[in-house]
Amino acid sequence: QVQLVESGGGSVQAGGSLRLSCTASFYTGNRYCLAWFRQAPGKERERVAAIYPGPNGAVNTYYVDSVKERFTISKDNVKNALILQMNDLKPEDTAMYFCAASEYIGKTCVDDDYDIWGQGTQVTASS
């Protein structure tokens with residue numbers, strides 16, 4: 001069964017840190033685009049960060065402007081997990097965070113390409 005399971009959400013004070021983890025039931029290797037999305041009540045879903053293969057074995061990352069210099073996306077290939085380290089959390093980061101995957105077919109994955117989703121984990125940063 002193809003499955004993504006997130007963990008690591010919680011509640012922190014503004015300025016605090018959280019580390020989200022997403023474990024896949026299938027081997028992701030360098031064959032998938034992997035991303036973290038978030039959705040706050042009343043707002044559209046937003047791609048926060050992504051990590052994806054590139055030509056000649058390159059690994060590329062993407063961050064939405066609002067989290068640059070604060071969030072870091074990475075992969076733990078031993079555990080087959082996707083990690084999101086979130087530092088200096090702000091109240092506006094409060095949302096449900098989802099892990100997502102899309103098979104890499106030689107082009108950059110766009111939001112609509114992601115077709116495997118986790119159940120989500122809540123992140124709350126209070127002022």
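- In this structure a side-chain-to-backbone donor-acceptor pair under 3.5 Å is missing from S21 to I83.
- For K43, the NZ atom counts as loosely surrounded, since its 6.0 Å shell holds 12 or fewer non-hydrogen atoms of other residues, nucleotides or ligands.
- Nearest heavy-atom pair, R70 versus D88, reported as atom, atom and distance to 0.1 Å: NH1-O, 2.9 Å.
- Distance check, rounded to the nearest 0.5 Å: NZ of K75 to SG of C22 gives 11.0 Å.
- Looking only at distances, a side-chain donor or acceptor of D113 sits under 3.5 Å from a matching main-chain atom of V110.
- Without hydrogens or angle criteria, R45 side chain to R38 main chain gives no donor-acceptor distance under 3.5 Å.
- A donor-acceptor pair is defined here as one N or O able to donate and one able to accept, closer than 3.5 Å; such a pair exists between the side chain of S25 and the backbone of Q3.
- Side-chain contact check for Y32 versus Y52: every heavy-atom pair is 4.5 Å or farther apart.
- Counting heavy atoms from C-beta outward, R31 and P53 have side chains that stay 4.5 Å or more apart.
- The main-chain N or O of Q13 is never found under 3.5 Å from a side-chain atom of S126 such that the two would form a donor-acceptor pair.
- Summarising the geometry of L34 relative to I73, their closest heavy-atom pair is O-CD1, 4.2 Å, with the distance given to 0.1 Å.
- Taking CD of E92 as the start and OG of S66 as the end, the distance is 8.0 Å to the nearest 0.5 Å.
- Looking only at distances, a side-chain donor or acceptor of T121 sits under 3.5 Å from a matching main-chain atom of G9.
- Residues L82 and I51 meet the side-chain proximity criterion, which asks for heavy atoms closer than 4.5 Å.
- Taking 4.5 Å as the limit, every side-chain heavy atom of F37 sits out of range of all side-chain heavy atoms of C99.
- To the nearest 0.5 Å, the span separating OG1 on T72 from CE on M86 amounts to 11.0 Å.
- Here the shortest heavy-atom pairing between P91 and S127 reads CG-CB, 3.9 Å.
- Y62 and Y114 sit in two unconnected hydrophobic clusters of ILVMFWY residues. Membership requires side-chain heavy atoms under 4.5 Å apart, directly or through other members.
- The two residues G54 and Y104 come nearest to each other via the heavy atoms CA-OH, 4.0 Å.
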Open item on the list: Does T94 form a side-chain contact (heavy atoms from CB on, under 4.5 Å) with V123? I'd like the steps, not just the answer.
Closed with: CA-CA 5 Å; T94 295; V123 170; 5.9 Å; no
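- Closest approach of L89 and A125 over heavy atoms only: CB-CB, 4.0 Å.
- Looking at residues two or more places apart in sequence or on another chain, you find no ring-ring contact (aromatic ring centres under 6.0 Å, His included) involving Y63.
- Within a 6.0 Å sphere centred on CG of D115, heavy atoms belonging to other residues, nucleotides or ligands number more than 12.
- Between the CE atom in M96 and the OG1 atom in T124 there is a gap of 9.0 Å [rounded to 0.5 Å].
- For K90 and D93, the salt-bridge test fails: no basic side-chain N is under 4.0 Å from an acidic carboxylate O.
- Using the six-membered ring where Trp is involved, W117 and F98 have ring planes that are perpendicular, over 60° apart on the 30 and 60° scheme.
- Panel note: side chain E6, backbone G120; a donor-acceptor pair is recorded below 3.5 Å.
- Residues N87 and F71 fail the side-chain proximity criterion, which asks for heavy atoms closer than 4.5 Å.
- Counting only heavy atoms from C-beta outward, the side chains of I116 and F26 approach each other to under 4.5 Å.
- Here the side chain of D76 pairs a donor or acceptor atom with the backbone of V78 at under 3.5 angstrom.
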- [ ] Report the C-alpha separation of T23 and N80 in whole Å, then their side-chain angles, then the decisive distance to 0.1 Å, and conclude whether the side chain to side chain donor-acceptor pair (under 3.5 Å) test is met.
- [x] CA-CA 6 Å; T23 302; N80 201 35; over 6 Å; no
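- Nearest heavy atoms, Q122 versus A95: NE2-O, 3.4 Å.
- Pairs passing the salt bridge (charged side-chain N to carboxylate O under 4.0 Å, His left out) check and including a residue from residues 47-57, sequence neighbours excluded, read R47-D111.
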